[in-house]
K.L.:
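Structure provided below as structure tokens; questions to follow.
Values below: every heavy atom of this structure, side chains too, minus hydrogens, waters and symmetry copies. Note that the coordinates shown come from a computational prediction; the quantities given were computed from them, not determined experimentally.
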Amino acid sequence: MFNKKKRKLKKQAKMPRTLITISDNNSLISEQFRTIRANINFSMPGEELKTILITSPSPGEGKSTNAANIAVVFAQEGKRVLLVDADLRKPTLHYTFNLKNLTGLTHILVGKYFLFNVIQESPIAGLHLLPSGPIPPNPSELLASSNMDNFLEEVKKKYDLIIFDAPPIISVSDSQILGNKCDGTLLVVNSGISEKKDFLKSEEILVASKARIIGAVLNNYKMPKDHYQNYYAYSN
């Protein structure tokens with residue numbers, strides 16, 4: 001029974017995601033992603049925010065889906081955006097956008113390919129994608145390397161915003177490393193999964209790594225019915 005459930009979850013993880021900001025741009029959920037975009041824009045007044053790390057306390061909280069939708073709404077705003085799959089342990093970006101993951105970030109970090117060799121286009125104008133590439137034996141070391149610093153300098157010159165989808169913060173040290181390198185960190189918390197102690201632990205880890213936390217996204221929160229009714233009455 002357990003193995004059957006495990007196979008089902010693995011199969012679901014490989015299925016392409018439907019991004020609401022593409023499939024239904026006028027929905028309430030898409031509007032919420034635009035609200036997140038506005039909050040990010042206002043999070044660091046007077047300072048440049050070019051690199052954003054998106055992580056979560058634990059697996060399965062929706063960080064990758066949030067990262068993809070946030071990247072889409074920024075591109076829809078007219079920005080030139082690069083979405084990077086920096087989860088070098090369990091990457092999912094190629095499933096989300098139905099891409100091949102033969103080359104990617106790992107090839108750049110080991111010095112095998114240049115950026116223009118591995119960047120892929122998306123269905124959204126202005127949004128480019130960088131899959132993880134093959135899973136390496138040493139993800140943390142690669143993310144902490146000088147090649148990663150060089151990569152950041154290069155993409156900052158080419159894009160208005162770079163969004164990193166990173167592993168859960170409590171599980172491994174990868175997000176600590178990236179949080180220290182990025183201008184801001186966004187924490188995705190699933191209201192039905194995450195516990196308060198995990199959120200506080202994540203905050204503690206990020207603060208210790210000198211990451212700048214710009215906010216948190218409460219995922220899968222059930223809105224009151226009258227909120228939906230008021231929204232559609234107003235939008236109509």
K.L.:
Hey, are Lys63 and Glu61 close enough for a salt bridge, meaning a charged N less than 4.0 Å from a carboxylate O?
P.N.:
no
K.L.:
Would you indicate whether the side-chain heavy atoms of Ile54 and Val188 approach each other to under 4.5 Å?
P.N.:
yes
K.L.:
Between Asp85 (side chain) and Leu93 (backbone), is there a donor-acceptor pair under 3.5 Å?
P.N.:
yes
K.L.:
Using a 3.5 Å distance criterion without hydrogens, assess whether the side chain of Asn101 forms a donor-acceptor pair with backbone atoms of Pro131.
P.N.:
no
K.L.:
Does any N or O in the side chain of Ser175 come within less than 3.5 Å of the main-chain N or O of Pro167, such that one atom is a donor and the other an acceptor?
P.N.:
yes
K.L.:
Quick check: is Leu129 connected to Tyr159 through a chain of hydrophobic side chains (ILVMFWY, heavy atoms under 4.5 Å apart)?
P.N.:
no
K.L.:
Please tell me if the side chains of Asn117 and Lys112 come closer than 4.5 Å, counting only heavy atoms from C-beta onward.
P.N.:
no
K.L.:
Are any side-chain N or O atoms of Ser27 and backbone N or O atoms of Ser30, one a donor and one an acceptor, separated by less than 3.5 Å?
P.N.:
yes
K.L.:
Below 4.5 Å, heavy atoms only, C-beta onward: do Arg89 and Ser140 meet side chain to side chain?
P.N.:
yes
K.L.:
Phe33 versus Val72: any side-chain heavy-atom pair under 4.5 Å?
P.N.:
no
K.L.:
Within the distance-only criterion (no hydrogens, no angle test), does the side chain of Asn180 pair as donor or acceptor with the backbone N or O of Ser209 below 3.5 angstrom?
P.N.:
yes
K.L.:
Do Ile213 and Met44 sit in one hydrophobic cluster, given that two such residues count as connected whenever their side-chain heavy atoms are within less than 4.5 Å of each other, even indirectly?
P.N.:
no
K.L.:
Taking NZ, NE, NH1 and NH2 as the nitrogens, is one of them in Arg212 or Asp183 under 4.0 Å from a carboxylate oxygen of the other?
P.N.:
no
K.L.:
Looking at Leu161, Val84, Leu82, Ile162, which one forms a side-chain contact (heavy atoms from CB on, under 4.5 Å) with Thr51?
P.N.:
Ile162
K.L.:
Tell me every residue that passes side chain to side chain contact (heavy atoms under 4.5 Å, CB included) with Ala71, counting only those two or more places apart in sequence or in another chain.
P.N.:
Val81, Leu83, Leu127, Ile163
K.L.:
Can you tell me how far the NZ atom of Lys158 sits from the CZ atom of Phe116, to the nearest 0.5 Å?
P.N.:
9.0 Å
K.L.:
How long is the span from the CG atom in Leu152 to the SG atom in Cys182, to the nearest 0.5 Å?
P.N.:
6.0 Å
K.L.:
Consider only side-chain heavy atoms of I, L, V, M, F, W and Y, link residues closer than 4.5 Å, and tell whether Ile52 and Met148 are in one cluster.
P.N.:
no
K.L.:
Do Asn147 and Leu142 have side chains that approach each other closer than 4.5 Å (heavy atoms only, starting at C-beta)?
P.N.:
no
K.L.:
Determine whether Asn69 and Val73 satisfy the following criterion, side chain to side chain contact (heavy atoms under 4.5 Å, CB included), listing intermediate values before the conclusion.
P.N.:
CA-CA 6 Å; Asn69 280 292; Val73 294; 5.8 Å; no
K.L.:
Charged N to carboxylate O below 4.0 Å: is that the case for Lys50 and Asp160?
P.N.:
no
K.L.:
When rounded to the nearest 0.5 angstrom, what is the spacing between CG in Leu143 and CG in Asp87?
P.N.:
9.5 Å
K.L.:
If every non-hydrogen atom of Leu178 is compared with every non-hydrogen atom of Ala166, which pair is closest and at what distance?
P.N.:
CD1-CB, 4.0 Å
K.L.:
Do the side chains of Leu53 and Phe74 join up, straight or via other hydrophobic residues, at under 4.5 Å, putting them in one cluster?
P.N.:
no
K.L.:
Compare all side-chain heavy atoms of Ser43 with those of Leu49 and state whether any distance is below 4.5 angstrom.
P.N.:
yes
K.L.:
Identify the two heavy atoms, one from Gly184 and one from Ile214, that lie closest to each other, and give their separation to 0.1 Å.
P.N.:
CA-CG2, 3.9 Å
K.L.:
Take Thr106 and Tyr113 through the test side chain to side chain contact (heavy atoms under 4.5 Å, CB included) and record every step on the way to the result.
P.N.:
CA-CA 9 Å; Thr106 51; Tyr113 289 124; over 6 Å; no
K.L.:
Could you give me the CA-CA distance, side-chain angles and deciding distance for Thr55 and Leu187, then say whether side chain to side chain contact (heavy atoms under 4.5 Å, CB included) is met?
P.N.:
CA-CA 5 Å; Thr55 184; Leu187 195 61; 3.8 Å; yes
K.L.:
Going hydrophobic residue to hydrophobic residue with side-chain gaps under 4.5 angstrom, can you get from Ile29 over to Ile22?
P.N.:
yes
K.L.:
Rounded to the nearest 0.5 Å, what's the gap from OG on Ser56 to CG on Asn190? Could you check?
P.N.:
9.0 Å
K.L.:
Okay, side chain of Asn138, backbone of Glu141: is any donor-acceptor separation there less than 3.5 Å?
P.N.:
no
K.L.:
Under a 4.5 Å cut-off applied to non-hydrogen side-chain atoms, are Pro134 and His107 in contact?
P.N.:
yes
K.L.:
Would Val217 and Leu186 count as a side chain to side chain contact (heavy atoms under 4.5 Å, CB included) here? Give the steps.
P.N.:
CA-CA 7 Å; Val217 174; Leu186 191 65; 3.8 Å; yes
K.L.:
Is a side-chain N or O of Gln120 found less than 3.5 angstrom from the main chain of Lys100, in a donor-acceptor match?
P.N.:
yes
K.L.:
Please name the pair of heavy atoms, one in Ala75 and one in Gly126, separated by the smallest distance, quoted to 0.1 Å.
P.N.:
CB-C, 4.2 Å
K.L.:
Would you find more than 12 non-hydrogen atoms of other residues, nucleotides or ligands less than 6.0 Å from Glu154 atom CD?
P.N.:
yes
K.L.:
Using only atom types and a distance under 3.5 Å, with no angle test, would you say the side chain of Gln76 pairs donor to acceptor with the backbone of Thr21?
P.N.:
yes
K.L.:
Give a yes or no answer on whether the side chain of Asp24 reaches the backbone of Ile20 with a donor-acceptor pair at less than 3.5 Å.
P.N.:
no
K.L.:
Is any side-chain heavy atom of Ile36 closer than 4.5 Å to one of Gln32?
P.N.:
no
K.L.:
Atom NZ of residue position Lys201 - does it have more than 12 heavy atoms of other residues, nucleotides or ligands inside 6.0 Å?
P.N.:
no
